[in-house]
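Since the structure comes first, as structure tokens, the remarks are kept for the end.
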Amino acid sequence: MNELLLDDVTIRWISVSDMANNVYLITNRASGEQLLVDAADDASAIAGLIDEAKNDADHPRIVGIATTHQHWDHVRALAELVDQHPVTTYSGADDMAGIAEESGVQVTNGLNHGDQLKLGEVIIEAIHLRGHTPGSIGYALVDSSGQPVILSGDSLFPGGVGNTWKDPQRFLSLITDVSERIFDRFPDETKVLPGHGDATTLGAERPHLEEWRERGW
């Protein structure tokens, strides 16, 4: 269990499955509203994550389930979680059909670049990062602490951008979006919480952007 405590929200996450997927739970401590991001696998482990957050607010409750992208390993528990928590679901608009095919869940709210979700008074912004999948979405928030956090899915990791399967056009799309929509906009102290593996910061990764671009992955 990992935890990031900001002024207004608590973010908890666990790693599940043989693919070591990260599942995130964002709780607004004032309102109790919670957003689950990437119901990847293992509904019982996710239930444990939700239980761990029961003291993060007076009346915590899941009000939304968001998915970063359509790949099967990020949606294996989505149908079960939606059955347990019949709330609004979110994903990139261009990945809705893929998520329905992989999980059987028809996402209710398709997101485009710049769209916003509200968790109490905290705004979570959709950042469309094209390349790993057509509709990959990063979820960015800044609460009253001023600390930016981006849940980057499989589009940005420590050490590089996500897999584009040696397709030059897809790689150029992804590295351009990551550069312009994340690195050009957010400061070095921004915390990056990826779809697999360890967290990082933009400051740790920024010096390597041109290296990534030159190597092509």
May I ask you to decide if [Y]'s main-chain N or O and [X]'s side chain share a donor-acceptor pair within less than 3.5 Å?
| X | Y | result |
| --- | --- | --- |
| Arg170 | Asn163 | no |
| Thr10 | Leu5 | no |
| Gln147 | Glu189 | yes |
| Asp38 | Thr68 | yes |
| His85 | Gly64 | no |
| Arg76 | Ala43 | no |
| Asp8 | Ser144 | yes |
| Arg206 | Phe183 | yes |
| Asp42 | Ala77 | no |
| Tyr139 | Thr67 | yes |

[Y] versus [X], side-chain donor and acceptor atoms under 3.5 Å:
| X | Y | answer |
| --- | --- | --- |
| His74 | Asp154 | yes |
| Asn109 | Thr88 | no |
| Ser17 | Asn21 | yes |
| Glu205 | Thr200 | yes |

Just wondering, more than 12 heavy atoms not from [X] lying within 6.0 Å of its [atom1]?
| X | atom1 | answer |
| --- | --- | --- |
| Glu121 | CD | no |
| Trp217 | CH2 | no |
| Gln169 | CD | no |
| Asp167 | CG | yes |

Is it true that [X] and [Y] fall in one hydrophobic cluster, defined by side-chain heavy atoms closer than 4.5 Å?
| X | Y | result |
| --- | --- | --- |
| Ile137 | Ile26 | yes |
| Leu36 | Tyr24 | no |
| Leu117 | Val63 | yes |
| Leu119 | Leu141 | yes |
| Leu25 | Leu4 | no |

Walk me through whether Ser152 and Ser155 qualify under side-chain hydrogen bond (donor to acceptor under 3.5 Å, both in side chains). CA-CA 6 Å; Ser152 60; Ser155 293; over 6 Å; no
In terms of the angle between their ring planes, are [X] and [Y] parallel, tilted or perpendicular, with boundaries placed at 30° and 60°?
| X | Y | answer |
| --- | --- | --- |
| His71 | His132 | perpendicular |
| Trp212 | His208 | parallel |
| Phe157 | His196 | tilted |

What's the verdict on side-chain contact (heavy atoms from CB on, under 4.5 Å) for Asn2 and Ile14, showing C-alpha distance, side-chain angles and the deciding distance? CA-CA 6 Å; Asn2 300 280; Ile14 56 173; over 6 Å; no
Ionic contact status for Arg12 with Asp56, cut-off 4.0 Å: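 A salt bridge links Asp56 with Arg12.
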To the nearest 0.5 Å, what is the distance between CZ (Arg61) and CD (Glu33)?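 Between Arg61 CZ and Glu33 CD, I get 5.0 Å after rounding to 0.5 Å.
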Could you measure the distance from the OG atom of Ser44 to the CD atom of Glu80? Nearest 0.5 Å is fine.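 One gets 8.0 Å once the value is rounded to the nearest 0.5 Å.
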Show the nearest heavy-atom pair for residues Gly131 and Thr164, with the distance to one decimal.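 Closest approach of Gly131 to Thr164, heavy atoms only: O-CG2, 3.8 Å.
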